Trainee: 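One structure, as structure tokens, below. Some questions next.
What you see is a predicted model, and the numbers here were worked out from it, not measured in a lab.
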Amino acid sequence: MSSERTVTIVPEAGLHARPAAKFVQTVNEHDSDVQVAYGDDDPISAGSMIAVTSLGAESGEDVRLVADGPDEEATLDALERVLTTPEDELAGAEE
């Protein structure tokens, strides 16, 4: 059974550049299969940088995350942290 969560994007760049890279990196650090959907579009693989940035999701918009796997709740928690952390704080967390 999969878990689903809707998250509002906080970084000013939306799901582009550094936030998208951190998002994809976080997906790939977990064992669950993750898909992300924006607007009325069908969910796409959240582990692909090209797919994630092509969503065009902007700051203040909602995305729907679906995780299926042994650590799906932990995966969603980690992804929610990435999406709700301002970009300057996200950059500081990497240093």
Side-chain angles (χ1 to χ4, degrees):
M1 183 163 156
S2 61
S3 295
E4 187 173 315
R5 191 173 301 175
T6 299
V7 180
T8 302
I9 300 170
V10 170
E12 288 181 17
L15 203 45
H16 302 281
R18 182 177 288 140
K22 183 66 176 166
F23 180 84
V24 171
Q25 176 187 352
T26 302
V27 168
N28 291 319
E29 289 171 352
H30 290 84
D31 293 326
S32 293
D33 179 54
V34 182
Q35 295 196 316
V36 58
Y38 173 61
D40 294 329
D41 294 339
D42 290 331
I44 53 113
S45 171
S48 164
M49 183 71 176
I50 292 171
V52 169
T53 56
S54 71
L55 284 172
E58 302 291 336
S59 180
E61 302 279 356
D62 290 340
V63 290
R64 186 168 47 90
L65 307 173
V66 181
D68 186 21
D71 62 349
E72 57 196 39
E73 285 299 324
T75 302
L76 291 177
D77 289 345
L79 292 174
E80 184 170 0
R81 274 193 301 279
V82 170
L83 294 177
T84 60
T85 300
E87 191 169 356
D88 56 345
E89 291 179 32
L90 199 59
E94 293 175 353
E95 295 172 4

Trainee: Could you state whether Val66 and Val24 fall into the same hydrophobic cluster, counting links through intermediate Ile, Leu, Val, Met, Phe, Trp or Tyr residues with side-chain heavy atoms under 4.5 angstrom apart?
Mentor: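 No; tracing contacts between hydrophobic side chains, which count when under 4.5 Å, never links both residues.
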Trainee: State the CD-CD1 distance between Glu87 and Ile9, to the nearest 0.5 angstrom.
Mentor: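 Interatomic distance, Glu87 CD to Ile9 CD1, rounded to 0.5 Å: 12.0 Å.
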Trainee: Taking a hydrophobic cluster as the set of Ile, Leu, Val, Met, Phe, Trp and Tyr residues connected by side-chain heavy atoms closer than 4.5 Å, whether directly or through intermediates, do Val7 and Val27 fall within one such cluster?
Mentor: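 Yes: a chain of side-chain contacts under 4.5 Å links Val7 to Val27.
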Trainee: Given side chain to side chain donor-acceptor pair (under 3.5 Å), test Thr6 with Asp62 step by step and report yes or no.
Mentor: CA-CA 6 Å; Thr6 299; Asp62 290 340; over 6 Å; no
Trainee: Using side chain to side chain contact (heavy atoms under 4.5 Å, CB included), reason through His30 and Thr26 one step at a time and then give a plain yes or no.
Mentor: CA-CA 7 Å; His30 290 84; Thr26 302; 3.9 Å; yes
Trainee: If I take atom CG from residue Leu79 and atom NZ from residue Lys22, how far apart are they, to the nearest 0.5 angstrom?
Mentor: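 One finds 10.5 Å between CG of Leu79 and NZ of Lys22.
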Trainee: Run the side-chain contact (heavy atoms from CB on, under 4.5 Å) test against Glu12 and tell me which residues pass, sequence neighbours left out.
Mentor: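 For Glu12, no residue satisfies side-chain contact (heavy atoms from CB on, under 4.5 Å) once neighbours in sequence are set aside.
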Trainee: Can you pull the side chain to side chain donor-acceptor pair (under 3.5 Å) pairs that have at least one residue in residues 69-78, sequence neighbours excluded?
Mentor: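 Qualifying pairs: Ser3-Glu72, Ser3-Glu73, Arg5-Glu73, Arg5-Asp77, Ser32-Asp71, Asp71-Thr75.
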Trainee: Quick one: does any side-chain atom of Ser48 pair with a main-chain N or O of Ser45 as donor and acceptor, under 3.5 Å?
Mentor: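 No, Ser48 side chain to Ser45 backbone: no donor-acceptor pair under 3.5 Å.
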Trainee: With side chain to side chain contact (heavy atoms under 4.5 Å, CB included) as the criterion, how do Val10 and Leu83 come out once you've worked through the C-alpha distance, each side chain's angles and the decisive distance to 0.1 Å?
Mentor: CA-CA 6 Å; Val10 170; Leu83 294 177; over 6 Å; no
Trainee: Between the side chain of Asp41 and the main-chain N/O of Ala37, is any donor-acceptor distance below 3.5 Å?
Mentor: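 A pair under 3.5 Å: no.
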Trainee: Between Ala67 and Val34, which heavy-atom pair has the shortest distance, and what is it?
Mentor: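 Shortest heavy-atom contact: CB-CG2, 4.2 Å.
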Trainee: Which distance, rounded to the nearest 0.5 Å, do you find between the CD of Glu61 and the OG1 of Thr8?
Mentor: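 Atom-to-atom, Glu61:CD and Thr8:OG1 are 9.0 Å apart.
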Trainee: Could you tell me the separation between the CZ atom of Phe23 and the CG atom of Asn28, rounded to the nearest 0.5 Å?
Mentor: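 Rounded to the nearest 0.5 Å, the CZ-CG separation comes out at 10.0 Å.
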Trainee: Can you tell me how far the CG atom of Asp33 sits from the CG atom of Asp31, to the nearest 0.5 Å?
Mentor: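 Nearest 0.5 Å value for the CG-CG distance: 11.5 Å.
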Trainee: Would you mind reporting whether Leu55 and Val36 have side-chain heavy atoms less than 4.5 Å apart?
Mentor: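 Heavy-atom side-chain distance check passes, below 4.5 Å.
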Trainee: Looking at every non-hydrogen atom in both residues, tell me the closest pair between Gln35 and Pro43 and how far apart they are.
Mentor: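 Closest approach of Gln35 to Pro43: OE1-CB, 3.6 Å.
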